[in-house]
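All of these numbers come straight from a predicted model, not from anything done at the bench.
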Amino acid sequence: MNKIKAFIFRFFQRRQPARRASFPHYDQVRSVLVIFESDLLEDNRVVTETIRKKLLADDKDVVLLGYAPKKEIQSPILPQSRIMGLKDHNLLDIPRSELVESLQRRQYDMLIDLTQTPILPLQYMTMYARADFKTGMQRENGLLDFMIQTEPQDSPLFLFDQIIYFLKHIQSND
């Protein structure tokens, strides 16, 4: 079944328009979409308290989008934070159209994908998100513009710190 899901994902990915990404100057980034894996208890303190607060301290508008592999999500759906569950996707892990429409209503300067393992529902959201620049852990799916090569960690904090370090220190001519 996973091979079928992957085949369908690649089909939808090929239908997406070609991206032209330019490396952003971190100081000029105003809006950030953070995609992350939620734990089953939906207690994501590292993301909600540490990572979000760091971005807010840098004067960024932050939207959090997580995923927990369970039917009933207890966290409220807020404009700045949402955790998706199994009910938000069909059996092939394709997101419901209303979820994609709500994601695409807004344009982001940057998307930060903090997932440590490939999660198909979050890959769809990364693909459909309207962001000028997409970054995260190195994967072979071709969704990201800038990738950090690292081993999966227990916490997304290490990956986040690496991404921010490189965004602040690489000078681009774009």
Side-chain angles (χ1 to χ4, degrees), residues 9 12-13 16-17 19 21-90 92-137 139 141 143-146 155-164 167-168:
F9 175 77
F12 282 112
Q13 186 178 10
Q16 295 299 308
R19 291 183 42 79
S22 61
F23 200 88
H25 293 277
Y26 184 73
D27 297 339
Q28 296 173 348
V29 171
R30 291 290 153 237
S31 59
V32 179
L33 173 63
V34 178
I35 293 184
F36 65 97
E37 307 168 58
S38 175
D39 56 21
L40 291 176
L41 297 176
E42 301 172 35
D43 181 32
N44 304 295
R45 292 178 194 219
V46 171
V47 174
T48 58
E49 293 179 7
T50 307
I51 292 173
R52 184 173 181 273
K53 285 185 179 178
K54 284 183 178 184
L55 289 168
L56 289 174
D58 288 344
D59 197 29
K60 312 292 184 219
D61 180 23
V62 183
V63 175
L64 304 174
L65 181 61
Y67 176 78
K70 62 183 194 174
K71 279 190 176 184
E72 296 298 324
I73 299 297
Q74 303 302 317
S75 299
I77 298 172
L78 303 172
Q80 299 297 320
S81 177
R82 177 180 185 157
I83 296 179
M84 302 176 301
L86 295 175
K87 288 185 174 181
D88 293 312
H89 300 82
N90 65 19
L92 297 172
D93 289 336
I94 299 171
R96 306 251 179 248
S97 59
E98 14 349 300
L99 187 60
V100 173
E101 288 170 8
S102 70
L103 177 70
Q104 291 185 331
R105 281 189 199 120
R106 182 161 180 200
Q107 175 72 31
Y108 299 94
D109 295 330
M110 181 168 47
L111 178 144
I112 300 176
D113 181 356
L114 295 177
T115 56
Q116 302 292 309
T117 57
I119 299 173
L120 199 53
L122 289 177
Q123 289 178 339
Y124 273 105
M125 300 315 281
T126 299
M127 178 176 66
Y128 287 132
R130 293 178 44 222
D132 296 333
F133 186 75
K134 297 179 181 182
T135 182
M137 183 182 282
R139 298 229 168 67
N141 59 17
L143 296 175
L144 303 175
D145 305 316
F146 179 71
S155 166
L157 190 57
F158 176 76
L159 177 60
F160 173 78
D161 288 338
Q162 292 295 305
I163 289 169
I164 298 303
L167 289 175
K168 287 182 177 179

- Message: Asp61: which residues meet the side chain to side chain donor-acceptor pair (under 3.5 Å) condition with it, sequence neighbours left out?
- Response: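 With sequence neighbours excluded, Asp61 shows a side chain to side chain donor-acceptor pair (under 3.5 Å) to Arg106, given in chain and number order.
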- Mind checking what makes side chain to side chain donor-acceptor pair (under 3.5 Å) contact with Arg19, not counting sequence neighbours?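 Here the qualifying residues are Asp145.
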From [atom1] ([X]) to [atom2] ([Y]), nearest 0.5 Å:
{"X": "Leu92", "Y": "Asn90", "atom1": "CG", "atom2": "CG", "result": "5.0 Å"}
{"X": "Ile112", "Y": "Thr135", "atom1": "CD1", "atom2": "OG1", "result": "7.0 Å"}
{"X": "Arg96", "Y": "Met84", "atom1": "CZ", "atom2": "CE", "result": "12.5 Å"}
{"X": "Asp93", "Y": "Ile119", "atom1": "CG", "atom2": "CD1", "result": "10.0 Å"}
{"X": "Ile164", "Y": "Asp58", "atom1": "CD1", "atom2": "CG", "result": "7.0 Å"}
{"X": "Ile35", "Y": "Leu114", "atom1": "CD1", "atom2": "CG", "result": "9.0 Å"}

State which residues pass ring-ring contact (aromatic ring centres under 6.0 Å, His included) with [X]; sequence neighbours excluded, sorted by chain then number.
{"X": "Tyr124", "value": "Phe9"}
{"X": "Phe36", "value": "none"}
{"X": "Tyr26", "value": "none"}

Please check if the side chain of [X] supplies one atom and the backbone of [Y] the other of a donor-acceptor pair under 3.5 Å.
{"X": "Lys60", "Y": "Val29", "answer": "yes"}
{"X": "Lys134", "Y": "Ala129", "answer": "yes"}
{"X": "Lys70", "Y": "Gly85", "answer": "no"}

Results of salt bridge (charged side-chain N to carboxylate O under 4.0 Å, His left out) for [X] - residues two or more places apart only:
{"X": "Arg45", "answer": "Asp43"}
{"X": "Asp27", "answer": "none"}
{"X": "Asp132", "answer": "none"}

Grab the two heavy atoms, one from [X] and one from [Y], that are nearest each other, plus how far apart they are.
{"X": "Met137", "Y": "Thr115", "value": "CB-O, 4.1 Å"}
{"X": "Thr126", "Y": "Asp113", "value": "OG1-OD2, 3.8 Å"}
{"X": "Ser155", "Y": "Val46", "value": "OG-CG1, 3.5 Å"}
{"X": "Pro156", "Y": "Val47", "value": "CG-CG2, 4.0 Å"}
{"X": "Val100", "Y": "Pro95", "value": "CG2-CG, 3.6 Å"}
{"X": "Ser38", "Y": "Asn44", "value": "OG-ND2, 3.0 Å"}

- Task: Output every pair passing ring-ring contact (aromatic ring centres under 6.0 Å, His included) with a member in residues 39-74, not counting sequence neighbours, ordered by first then second residue.
- Result: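 Only Tyr67-His89 qualify under ring-ring contact (aromatic ring centres under 6.0 Å, His included).
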- Item | Within residues 37-59 or reaching into it, pairs that qualify as ring-ring contact (aromatic ring centres under 6.0 Å, His included) - sequence neighbours excluded |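 Not a single pair qualifies under ring-ring contact (aromatic ring centres under 6.0 Å, His included).
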Please examine the side chains of [Y] and [X], heavy atoms only from C-beta on, and report whether any two atoms are closer than 4.5 Å.
{"X": "Arg30", "Y": "Asp59", "value": "yes"}
{"X": "Val32", "Y": "Tyr108", "value": "no"}
{"X": "Glu72", "Y": "Leu86", "value": "no"}
{"X": "Ser31", "Y": "Met110", "value": "no"}
{"X": "Leu157", "Y": "Ile51", "value": "yes"}
{"X": "Leu111", "Y": "Arg130", "value": "no"}

- Can you check side chain to side chain contact (heavy atoms under 4.5 Å, CB included) on Leu65 and Leu103, steps first, answer last? CA-CA 9 Å; Leu65 181 61; Leu103 177 70; 4.2 Å; yes
Please tabulate, for side-chain N and O atoms in residues 73-82, each donor-acceptor pair with protein atoms closer than 3.5 Å (sequence neighbours left out).
| residue | atom | partner | partner atom | Å |
| --- | --- | --- | --- | --- |
| Ser75 | OG | Glu42 | OE1 | 2.6 |
| Arg82 | NH2 | Asp88 | OD1 | 3.0 |

- Note on the structure: Applied to residues 46-56, the side-chain hydrogen bond (donor to acceptor under 3.5 Å, both in side chains) test, sequence neighbours excluded, yields Lys54-Asp161
